[in-house]
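All figures in this text were calculated on a predicted structure; none of them were measured in a lab. In what follows, chains are A, B, ... by sequence order, proteins preceding strands, each numbered from 1.
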2 protein chains.
Amino acid sequence: MPAASKLCEQAVQELFTQVHLRFTRQRYAIYHALASVHSHPTVDELFQMLAQANHDISLATVYNTLEALVKSGLVRKLSDGGTSARYDATVDDHLHVRDKNTGTVADVPADLGQRLLKTLPNEVLKQIEIELGFKINHVEIELVGEYASSKTHVA
Amino acid sequence: MPAASKLCEQAVQELFTQVHLRFTRQRYAIYHALASVHSHPTVDELFQMLAQANHDISLATVYNTLEALVKSGLVRKLSDGGTSARYDATVDDHLHVRDKNTGTVADVPADLGQRLLKTLPNEVLKQIEIELGFKINHVEIELVGEYASSKTHVA
DNA sequence: TTTCCTGCAAAAGCTTTGCAAGTAC
DNA sequence: GTACTTGCAAAGCTTTTGCAGGAAA
């Protein structure tokens with residue numbers, strides 16, 4: 001499993017080579033930023049982060065690169081509840097928590113997440129694949145709700 | 001649980017009253033269309049459906065109404081993998097299957113879905129709520145993959 | 001050298017909004 | 001009668017695209 005454990009240029013370069021992606025300064029910056037951060041940023045948030053870190057990069061490149069990373073399977077595209085997409089450099093199955101009020105997405109601590117994921121009965125998933133003629137690539141679980149403290153603007 | 005089992009005007013009107021939504025011809029048409037259909041349409045798909053059924057309605061109203069329905073909890077907003085949102089009139093927890101290639105979302109047959117959902121251990125969910133200070137409103141599970149027959153345009 | 005990537009700016013989609021007229025309550 | 005909805009068109013977002021110059025392999 002190609003986890004983002006080592007983020008030095010060399011490691012990322014190898015990762016890219018494995019999936020036949022050219023290694024560029026911009027792609028490294030984007031992947032590195034995404035893998036270093038625990039939130040699941042939108043394109044624009046990522047763009048801001050990179051801009052502030054003095055990386056000179058264009059918004060279109062962020063879009064293009066993320067699409068390329070998703071296609072290679074190095075990054076996953078998530079739904080935020082709202083208008084724009086969010087991205088996640090962790091591609092193993094894991095749990096997300098989504099705040100209804102803000103759209104932000106956070107990870108559930110690995111141990112708890114695993115406990116929940118491991119309970120999913122494989123034979124049921126297999127049966128779904130057979131009944132629907134559908135190949136499951138991964139399972140996405142989101143706990144939707146709100147933080148106790150975020151009881152702000154609810155209509 | 002306010003399920004969309006009876007869709008006559010009266011039933012929907014009651015439903016709306018319960019959640020303090022004014023009952024209008026357009027809102028009825030939108031909710032009825034959404035609840036009658038098994039796919040999980042995008043705003044535009046819904047708008048097309050209504051237009052073809054001779055309902056005279058504006059796109060903005062579809063957006064406004066869906067937002068109102070989501071706020072009242074009568075409808076759920078889903079992520080399609082792509083650019084536009086999808087909507088679902090079934091608010092009980094249930095499983096979705098999302099086709100990577102087309103973005104379409106379908107339901108997993110209720111019996112299979114329930115088998116999977118019932119395995120989720122409540123005590124783990126509770127613990128997540130406590131550890132994160134997060135109130136879980138509902139659980140969203142998506143099986144992402146592709147139909148055996150939809151092996152079309154994959155790069 | 002060849003092929004792909006980047007950046008810009010322009011275009012295309014999706015969603016929201018202001019406002020006047022209409023409708024539920 | 002009052003407050004909320006509708007519909008239109010315009011504005012605001014997010015995302016994609018064409019193309020010329022630049023960089024990786």
Audit row: B/H40, B/D107, side chain to side chain donor-acceptor pair (under 3.5 Å) steps and yes/no: CA-CA 9 Å; B/H40 300 291; B/D107 287 334; 2.9 Å; yes
Donor-acceptor contact present, side-chain B/R86 to main-chain B/L78, <3.5 Å: no
Donor-acceptor under 3.5 Å (B/T17 side chain, B/Q13 main chain): yes
Between C1' of C/dT16 and NZ of B/K71, the distance in whole Å: 12 Å
Passing candidate, side chain to side chain donor-acceptor pair (under 3.5 Å) with A/D88, options A/K77, A/H94, A/H38: A/H94
Side-chain N,O (B/R27) to OP1/OP2 (C/dA24) below 4.0 Å: no
Parallel, tilted or perpendicular: rings of A/F134 and B/Y147 (30°, 60°): perpendicular
Difference in axis direction between the ends of the helix from C/dT1-D/dA25 to C/dC25-D/dG1, five pairs, 10°: 50°
Nucleotide-resolved protein contact map, nucleotides 11-25 of chain D, B/S/- at heavy-atom distance under 4.0 Å: ---SBBB------BS
Considering all heavy atoms, the nearest A/M49-A/V37 contact: CE-CG2, 3.8 Å
Whole angstrom value for the distance that separates P of C/dG7 from NE2 of A/H55: 12 Å
ILVMFWY cluster, A/L69 and B/V144 together (side-chain gap under 4.5 Å): no
Atom pair distance, as rounded to whole Å: CG in B/L69 and P in D/dT6: 10 Å
d(CZ, B/F16; C1', C/dT23) in whole Å: 15 Å
Carboxylate-amine/guanidinium proximity below 4.0 Å for A/K135 and B/E146: no
